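Predicted model, so just to flag it, every value in this text is computed and none were measured. Here is the naming used below: chain letters follow the sequence lines, and residue numbers restart at 1 for every chain.
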Amino acid sequence: MELNMDYPFYDIEKKWQKIWQDREIAKGTDFSSKPKYYVLSMFPYPSGVLHIGHASNYAIGDAISRLKLMEGYNVMQPMGYDSFGMPAENYAIMHNSHPRITTEENIANMRKQFDGMGFFFDWDREVSTCRPDYYHWGQYIFKKMYENGLVYRKKSFQNWCEQCNTVLANEQVEDGACWRCGSEVIQKELEQWYFRITKYAEELLDFSDVIEWPERVMTMQKHWIGKSEGARIEFTLPDTEESIAVFTTRPDTIYGVTFMALPPEHPLVQKWLEEEPENHAMHDFCKKVINEDKVLRSSTETEKEGIFSGRYCINPLNGDKVQIWITNYVLMDYGTGAVMAVPAHDQRDFDFATKYGIPMKIVIQNPENNLHLDSMREAFIEPGIMASSAHFDGMPSEEAKSVITDWIAKNNWGEKTVTYRLRDWGISRQRYWGNPIPIIHCPKCGVVLVPDEDLPVLLPDNVQVGKTTSNPLLSVPEWLNVKCPKCGADAKRETDTMDTFVDSSWYYARYADAHNKDLPFDTEKSDFWLPVDQYIGGIEHACMHLLYARFFYKFMRDLGWVNGNEPFLRLLTQGMVLKDGAKMSKSKGNTVDPQYIVDRFGSDTLRVYLLFASPPEKDVEWNDEALMGAFRFLNRIHRLIEGNLETIKKGLQLEADTDKLSPEMKKLLFSSHSCTKKWLEDSLDRMQYNTSIAAIMEHLNHCVAIKDADNLDNDALAVYAEACGIIPQMLYPFAPHIAEELWQMMGFETLLHESGLPGYEERYLVQDTITYVVQVNGKIRGKLEMSPDSPHEILKEEALKVENVQRALDGFEVVKVIVVPSKMVSIAAKAKR
RNA sequence: GCGAAAGUGGCGGAAUUGGCAGACGCGCUGGACUUAGGAUCCAGUAGGUUCACUCCUGUAGGGGUUCGAGUCCCCUCUUUCGCACCA
């Protein structure tokens, strides 16, 4: 007897990994006549070791892929490496090596671990963003963007991380700290390259072409884009040609403007500073504010400060002379970078005006409680009735918004306009390990694109990584100095590299044609594979990667390279694996090494544990004992089938006459079909694998409950064999190795997925009797075994006869009896008087 | 401050359309077997009450709709996440 032994997971897993590889089951076939299904799990940064988060992410992708494979799709799930970027550069510095070497070593290590997990990946399509055959085409796309007016260079104050020695996009700053290293972000003035993502702002707000995205992610993106509708209005400066444009969402308050608020960075302010070098107060104030931490400055907590500029502008609607103030609370890069301040109806302006004694004017009256300037403790920001606003008086303010905007437009003072919170995407990074921007700076021709035939601009190897404080690429003269491709003059290469989010904005398309040497990808192939049917990854990418990738997709669509409007039709944001309630991290010392688990218990156990612990989008708390539960579960299955193998094989040849079954075997038959039904719904429709696995466990319990299977008669044997036989089928997406092994043991010669999905028959779900619950006034007072087609009248009668029900009705009279078909009889009663 | 989501046994979680709350697993308790094993098998496991049948309470708290509410509505609390001077 071998009952005490664990099933031989190691041999089984190695055996099937080899067979799958030889049979190329994970190969996505270009232009196959079968319907395609493109599953994509976010590619990892090659740290060299798989962590538990990867295992969890890829276990989900594997389950989806194998389910779709069983369904008969031409499934493609590729894998690659997001291998450019600061971590790789820092890792190399730490190991006193070169990122090209350490990255390739790490990739080789991870590949070994991936293979040991038995994941369903089409490795023929592997990409690694740091290899020239990939980044070549990133440069090519950059050029296409440039040619289409989506790339520009601008000097401005940037989020700068001292630790990483580079610029960060707004999305990459979290609570004033660098998203990667967590150190403080400062402001530094730099000239850098931008992608004009704002051109697509409106379209990025539209999610009508995605099939299934979490509401949360769409909301986060919508907030991030931050559309607001309002008016742009020009305030002229008397005795000059100049004017100040403001953006406001409250044109209804324009008669209440009592001052104009500008940030020190405003071009007019800069001009005044030049004109008045001796105005020390103004110079000092502007200098102080500009040098202030941008995050601190843009916090609601910060005390509002300002200085009167000594200048005035004219409110075009009423001709009022309005003081112009330079302040610390207006943002240069939102709207027009200037605010018409209406202290009576905006809290920020109210605070500022109160501090500096600037007058206020009520122009929206509260219809419920008349406002008086003397008694106002805060701004009135609600809608109300127009007042002191010339011929608009008496109009509801909500209505006045559009009426006044029309009036402004009609008089040429401004126009209706829309503003977005989304800024253009700064892609320059002052680091070595990234994709070089294919630009040459020529003293004569200016900015020149590197010609296609000279692509890729290869990243030089001989850089002293980590030894420079400025751009590392500046230290390689033989790379830096080139001839201008246009005029042949001595010129210099651009030394910024691209943000790694550029690399990951189009990798899903490269997978469709990963080895193309002439183009990023062939359109016929992208048309076949794209868009991605199911994307799986972490929620942390909601406003960065997922927004950038959508932007790139829309651009590639405009070039005619891809079809449709969205790259990812369905998105699953998987939860994190936690330990002791916290995210696993080396610094906290609460990590779990998936390789250790695989070595000890096998990949199948790890996957079943991760998938069973909670629904995919929720976090999972790591629990060693629950992991053992998963291992025991697989052992139980193995024991059931191996221990009854001959019986099962014999039974599989038989056909059951289901009318002749014992009640016990009828129950088992019902379990086979009802559990399969639940499994199908939970696996395919709901993608809730924890309950799919629960259905298998439940069914397994029913199978194990049949003792002495070899003594069953032929009808029972057939039912028993079928019941055992569907277990490997249902197990396949979650524990594919053991499933294949058991399937083969039972004598099937095909690979498991080739048999298709397990099915169920409705006729076996019909039971002779149903347990009806009988309620009296909402409380359960009895049960009733009745046939499912019993007439309602009979059910009511029988329900009232139940002893316990009668007792509950003592002293009550029945008001109403309700029958819920196949479920219950509910009796409403009230006390007799 | 604004916005969103969530709150169910000792734990992870289930309950899909308002219809037997706690499926399934972990842990725990008792028993069987023994080759003494992160084994296996059987029984139990929300709380209270009872010898038992029964009964009562129970899905963060309070109120409401309904024959019937974990599920729908209103209020409060807590937690998590996102945004945060965006004019």
With a non-hydrogen cut-off below 4.0 angstrom, is R216(A) in contact with a base, only sugar-phosphate, or nothing? sugar-phosphate
Taking atom C1' in both G38(B) and C26(B), compute the distance separating them and give it to the nearest angstrom. 13 Å
Give a yes or no on whether the ring-centroid distance for Y356(A) and W325(A) is below 6.0 angstrom. yes
Specify the separation, in whole Å, of atom CG of L422(A) and atom P of A84(B). 12 Å
Just wondering, more than 12 heavy atoms not from K361(A) lying within 6.0 Å of its NZ? yes
Take atom C1' in G7(B) and the same atom in G58(B), then report the distance between them in whole Å. 15 Å
From the set C83(B), G38(B), A14(B), return the single nucleotide nearest to any side-chain atom of W224(A). C83(B)
Taking atom P of G13(B) as reference, at what distance in whole Å does atom CZ of F633(A) sit? 19 Å
Any idea how F352(A) and F259(A) line up, ring-wise: parallel (<30°), tilted (30 to 60°), or perpendicular (>60°)? parallel
Side-chain heavy-atom pair V217(A), L571(A) within 4.5 angstrom cut-off: yes
E229(A) vs T249(A), side chain to side chain donor-acceptor pair (under 3.5 Å): CA-CA, chis, key distance, verdict: CA-CA 6 Å; E229(A) 294 180 61; T249(A) 56; over 6 Å; no
Given A15(B), is OP1 or OP2 found less than 4.0 Å from the side-chain N or O atoms of Q688(A)? yes
Does a side-chain heavy-atom distance below 4.5 Å link I727(A) with C703(A)? yes
D349(A)/Y329(A) under side chain to side chain donor-acceptor pair (under 3.5 Å): CA gap, chis, key distance, verdict: CA-CA 9 Å; D349(A) 300 340; Y329(A) 75 97; 2.7 Å; yes
Between M220(A) (CE) and A84(B) (C1'), how many Å, whole number? 14 Å
Using atom CZ of R297(A) as one end and atom P of A84(B) as the other, report the distance to the nearest whole Å. 16 Å
In whole Å, measure the gap between the P atoms of U45(B) and A52(B) for me. 13 Å
Spacing of K401(A) atom NZ relative to A87(B) atom P, expressed in whole Å: 11 Å
Does the separation of the ring centres of Y7(A) and H638(A) fall below 6.0 angstrom? yes
Would you give a per-nucleotide map of nucleotides 51-60 of chain B, 5' to 3', where B means the base has a protein non-hydrogen atom under 4.0 Å away, S means only the sugar-phosphate does, and - means neither? ---SSSS---
Would you mind telling me which of A15(B), C67(B), A87(B) lies closest to the side-chain atoms of S228(A)? A87(B)
Side-chain atoms of Q775(A) come closest, of U16(B), A87(B), G68(B), to G68(B)
What's the gap between U17(B) and G27(B) when it is taken at their P atoms, as a whole Å value? 33 Å
Using side chain to side chain contact (heavy atoms under 4.5 Å, CB included) as the criterion, point out the one residue from D6(A), V608(A), L627(A) that pairs with F601(A). L627(A)
For K678(A), is there an ion pair with E698(A) - N to carboxylate O distance below 4.0 angstrom? no
Quiz question: going by heavy-atom distance under 3.5 Å, is there a donor-acceptor pair between the base of C20(B) and the side chain of K823(A)? no
In sequence, state the C-alpha distance, the side-chain angles, and the governing distance for Y420(A) and W224(A), and then conclude on ring pair (Phe, Tyr, Trp, His ring centres under 6.0 Å). CA-CA 9 Å; Y420(A) 301 90; W224(A) 190 262; over 10 Å; no
Assign each of N777(A) and T771(A) the nucleotide of RNA chain B bearing its closest heavy atom; nearer the 5' end lies the nucleotide of T771(A)
Within a radius of less than 6.0 Å around NZ of K227(A), do more than 12 heavy atoms belonging to other residues, nucleotides or ligands occur? yes
What's the CG-C1' distance between D682(A) and A14(B), to the nearest Å? 10 Å
note: L640(A), atom CG; C41(B), atom P; distance rounded to Å ~ 11 Å
Once you apply a heavy-atom cut-off of 4.0 Å, does V704(A) come out as touching a base, just sugar-phosphate, or nothing? nothing
Can you tell me the distance, in whole Å, between the NE2 atom of H223(A) and the P atom of G1(B)? 18 Å
Quote, to the nearest angstrom, the C1' distance that separates C11(B) from C2(B). 35 Å
What's the closest nucleotide to the M824(A) side chain, out of G3(B), A14(B), G19(B)? G19(B)
Determine the Euclidean distance between corresponding C1' atoms of A69(B) and A21(B); express it in Å to zero decimal places. 11 Å
Any Y334(A) side-chain N or O less than 4.0 Å from OP1/OP2 of A87(B): yes
Judged by nearest nucleotide, the residue sitting upstream toward the 5' end of RNA chain B, V820(A) or S826(A), is V820(A)
Measuring only the C1' atom in each nucleotide, how far is U54(B) from G37(B)? A whole number of Å is fine. 44 Å
Would G58(B) be called syn or anti, given that syn covers angles within 90° of 0? anti
G61(B) and G12(B), which share atom name C1', separated by this distance in whole Å: 25 Å
Ignoring the backbone of R686(A), work out which of A15(B), G12(B), A14(B) is nearest its side chain. A15(B)
R423(A) and D333(A) ion-paired at < 4.0 Å: yes
Using 30° and 60° as the class boundaries, would you call the ring planes of F734(A) and Y689(A) parallel, tilted or perpendicular? tilted
Any stem touching RNA chain B, meaning at least three consecutive Watson-Crick or G-U pairs under 3.5 Å, ordered by first number, would be B:1-7 with B:77-83, B:10-12 with B:24-26, B:27-32 with B:40-45, B:46-48 with B:55-57, B:60-64 with B:72-76
In the 5'-to-3' direction, what one-character label does each nucleotide of nucleotides 23-32 of chain B receive under the scheme B = base within less than 4.0 Å of a protein heavy atom, S = sugar-phosphate only, - = no such atom? BBSSS-----
Identify which nucleotide among A87(B), C20(B), C42(B) has an atom closest to any side-chain atom of K783(A), counting heavy atoms from C-beta outward. C20(B)
